[in-house]
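Read the structure below first, then the notes.
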Protein chains: 2
Amino acid sequence: MDTPAPRRRMRADARRNYERLLAEAATAFAEHGADFSLEEIARRAGVANGTLYGHFPTRRALLEALLGDRMRALAANGADLLDHPSPFDGLAVWARTAMSHAATYRGLGTAFMQAVQDETAELHTACQAVLSVAEDLVARGRAAGAVRQDVTAPDLYALINAAAWAGEQGSAPQGERLLAFGLDGFRTPS
Amino acid sequence: MDTPAPRRRMRADARRNYERLLAEAATAFAEHGADFSLEEIARRAGVANGTLYGHFPTRRALLEALLGDRMRALAANGADLLDHPSPFDGLAVWARTAMSHAATYRGLGTAFMQAVQDETAELHTACQAVLSVAEDLVARGRAAGAVRQDVTAPDLYALINAAAWAGEQGSAPQGERLLAFGLDGFRTPS
DNA sequence: ACCTGAACACCGTTCAAGT
DNA sequence: ACCTGAACACCGTTCAAGT
C-alpha cells in the first residue's frame, strides 16, 4: 500500500527493476544504514550497476523515493498536533515521532540535516515541509508562553536529528533521553 | 611543544616519517574531516602507503596519536572544575570546552561515541577518562541539587558529542545552542 | 628495524553498445 | 526507452621484497 510510485508511466520491465531496487534498498538500509553499497543493492536486485543509476541518479534520490511520502505524512501529523490541547505536549509528541522517523535508517540524521540546507537535494522539499511544521509548533508554543522565546524551528529540527544520531551511536534509549532533556530545555522556566 | 611523542625510541628516518604523517593528518583532518583518505595523507607526507600502516595500524590509532594528550588534558581540566563555586556552572563550562574539543575535526563525535563503548579502540582509555570526569561533575551537581537526579554521565557525554555533531552539520552556533538547551534540560526545575 | 610498492578486493560513476 | 557490463578513478589493507 505504501509502495512509492514512480512519477510517470514506465515500461513493465523498468517498473519491475525500479521496485526491486527500492525493496532491496529498504532492507539493506534498515540493516546496514543509509551508506550501504549501491553496487551491492543492484546486485541483490539482480540488476546491472547502471540500471540503478538510471532510476536513481544519486543516493539521495533513492532515499527520497523511499522516504518522501513518509516525510510528508510526518509534516501532516505535525499540522494535526497544532490542535493539541497543550501547546508544549503537542510539540513534544511530534518531536518524538519525528525522531523515531529519523531513526529508520542509520545515517538519516546526517542526510536530513544536509538536505534541509541544500536546495538541490532531492529530499529538500520534504525536509522543508518538516521544518515548516516545526516552525508552526514552536511558534504556537512561544505564543502560549510554554516555550522559551529564543527557541527556533532550526533548534527543534537540529535537536530531533541530533537525538536520532545519538540513538544510532550509543543506544536507542540514549537518543530518547537526549530528546527529553532538550525538550525540557525548550520549556519556559517556571 | 605538543607534538605527540611516539612511545619508544625510533630510528631517525622512522621518527621523521612518523612526524610528517602526523602533521599531514592534522591539517587534512582539520580541513576535510576525520574520514579523509589515509592514502592521500601518506602521499602528502611523501611516504609509501604501507609506511602509514606501519606506524598507525588503524585510523583510530592515528586519531589517538593526534588527540590523546589533549583528551587527557580535557579530563584534567574537568577535575579542576570540581572546585568551581557553582556546581552547575562548573559542569556547563567544562561541557562547552569538551564540545569545542569534539569539534576539532568533523566526524570526531562519532569516533568518540564509538571509542567509549569499544574496549579495543585506541581512544578508549582517553574517552573513559573523559566520561569519568563527566561522572564526577554530574554527581557533584546532583548532590548540590543543581542537576536533576536522573541525569547520568552518559547523558552528558552524549549531549556534548551530539551538539558537536549538530555543529558540523548545520552551523557551529547551532551546536552551541543545542548544548545550551540540553544543559538547561539537565537543570533541576526551580 | 623500517620502508617500498605492488597486489587484492572493493566502491561510485559514466557511457558506449545493445535490445 | 531501457538495460548491460565494461571502463575509469579511487580507496583500505596486506605483505613479500628490499635496505
Side-chain angles (χ1 to χ4, degrees), chain A residues 5-25 28-29 31-66 105-107 110-111 114 118 120-123, chain B residues 5-25 28-29 31-66 105-107 110-111 114 118 120-123:
Chain A
R7 309 140 194 62
R8 274 209 144 278
R9 301 228 166 194
M10 295 168 58
R11 233 166 55 182
D13 59 337
R15 160 126 226 165
R16 262 212 351 256
N17 287 339
Y18 180 93
E19 269 159 14
R20 280 189 190 167
L21 283 166
L22 273 187
E24 292 299 337
F29 285 173
E31 200 165 350
H32 299 103
D35 294 328
F36 191 77
S37 159
L38 297 182
E39 205 175 352
E40 176 68 20
I41 288 173
R43 225 172 289 147
R44 294 185 182 186
V47 144
N49 214 340
T51 303
L52 190 153
Y53 284 89
H55 286 291
F56 310 103
T58 151
R59 165 173 257 118
R60 299 176 326 195
L62 188 47
L63 283 175
E64 211 285 332
L66 283 171
Y105 311 136
R106 250 172 303 145
T110 308
Q114 288 172 354
D118 180 0
T120 76
E122 286 85 348
L123 276 169
Chain B
R7 309 139 196 63
R8 274 212 145 276
R9 303 224 165 197
M10 296 169 57
R11 231 164 56 181
D13 58 339
R15 161 127 227 164
R16 262 212 350 257
N17 287 338
Y18 180 92
E19 270 159 14
R20 280 187 190 171
L21 282 166
L22 273 187
E24 293 299 338
F29 285 175
E31 200 165 350
H32 300 102
D35 293 329
F36 191 77
S37 160
L38 297 182
E39 205 175 353
E40 175 69 20
I41 288 173
R43 226 171 288 146
R44 294 185 182 185
V47 143
N49 215 341
T51 303
L52 189 153
Y53 284 89
H55 286 291
F56 310 103
T58 151
R59 165 173 259 117
R60 298 174 329 193
L62 188 47
L63 282 174
E64 212 285 332
L66 283 171
Y105 311 136
R106 251 173 301 146
T110 308
Q114 288 172 355
D118 180 0
T120 75
E122 287 85 348
L123 276 168

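Proteins come first, then strands; the chains are lettered A, B, ... in the order of their sequence lines, and each starts at number 1.
The phosphate of dC2(D) (OP1 or OP2) has no side-chain N or O of H55(A) nearer than 4.0 angstrom. Between S37(A) and the phosphate of dG12(C), there is a side-chain N or O to OP1/OP2 separation shorter than 4.0 Å. For the pair N49(B) and dT4(C), the criterion of a side-chain N or O lying under 4.0 Å from OP1 or OP2 is not met.
The residue G54(A) sits apart from the nucleic acid: no heavy atom pair falls under 4.0 Å.
When rounded to the nearest whole Å, the span between CZ of R15(A) and P of dC2(D) equals 12 Å. The nearest whole Å value for the distance from the CG atom in D13(A) to the P atom in dC3(D) is 5 Å. Taking atom CG of residue D35(A) and atom C1' of nucleotide dG12(C), one finds them 13 Å apart after rounding to whole Å. Atom C1' of nucleotide dA7(C) and atom OH of Y53(B) are separated by 14 Å, given to the nearest angstrom. Following rounding to the nearest Å, L52(B) (CG) and dC2(C) (C1') show an atom-to-atom distance of 14 Å. To the nearest angstrom, P of dT13(D) lies 8 Å from CZ of R59(B). The distance between atom CD of E40(A) and atom P of dG12(C), rounded to the nearest whole Å, is 10 Å. When rounded to the nearest whole Å, the span between CZ of R16(A) and C1' of dC3(D) equals 12 Å.
Closest approach to the L38(B) side chain among dG12(D), dT4(C), dC2(D) is made by dG12(D) (side chain taken as heavy atoms from C-beta onward). You'll find that the side chain of E39(A) is closest to dC11(C), out of dT4(D), dC11(C), dC3(C). Counting only heavy atoms from C-beta on, A48(A) has its side chain closest to dT4(D) among dC2(C), dG12(D), dT4(D). Set against dG12(D), dG5(D), dA1(C), the side chain of R11(B) has dA1(C) as its closest nucleotide.
Closest of all the heavy-atom pairs between A48(A) and A42(A) is O-CB, 4.2 Å.
The residues R44(B) and E40(B) are annotated as salt-bridged, a charged nitrogen and a carboxylate oxygen being separated by less than 4.0 angstrom.
Pairing partner, dA1(C): dT19(D), with both Watson-Crick or wobble hydrogen-bond distances short of 3.5 Å. dG12(D) and dC8(C) make up a base pair, with Watson-Crick or G-U wobble contacts both under 3.5 Å.
Looking at which nucleotide of DNA chain C each of T51(A) and R43(A) is closest to, the 5′-most match is held by R43(A).
Inter-residue side-chain proximity for F56(A) and Y18(A) is flagged as met; some heavy-atom pair is nearer than 4.5 Å.
Under the side-chain hydrogen bond (donor to acceptor under 3.5 Å, both in side chains) criterion, D118(A) pairs with R60(A), T120(A), sequence neighbours left out.
When atom types are taken as modelled, the side chain of R106(A) and the backbone of D35(A) share no donor-acceptor pair closer than 3.5 angstrom.
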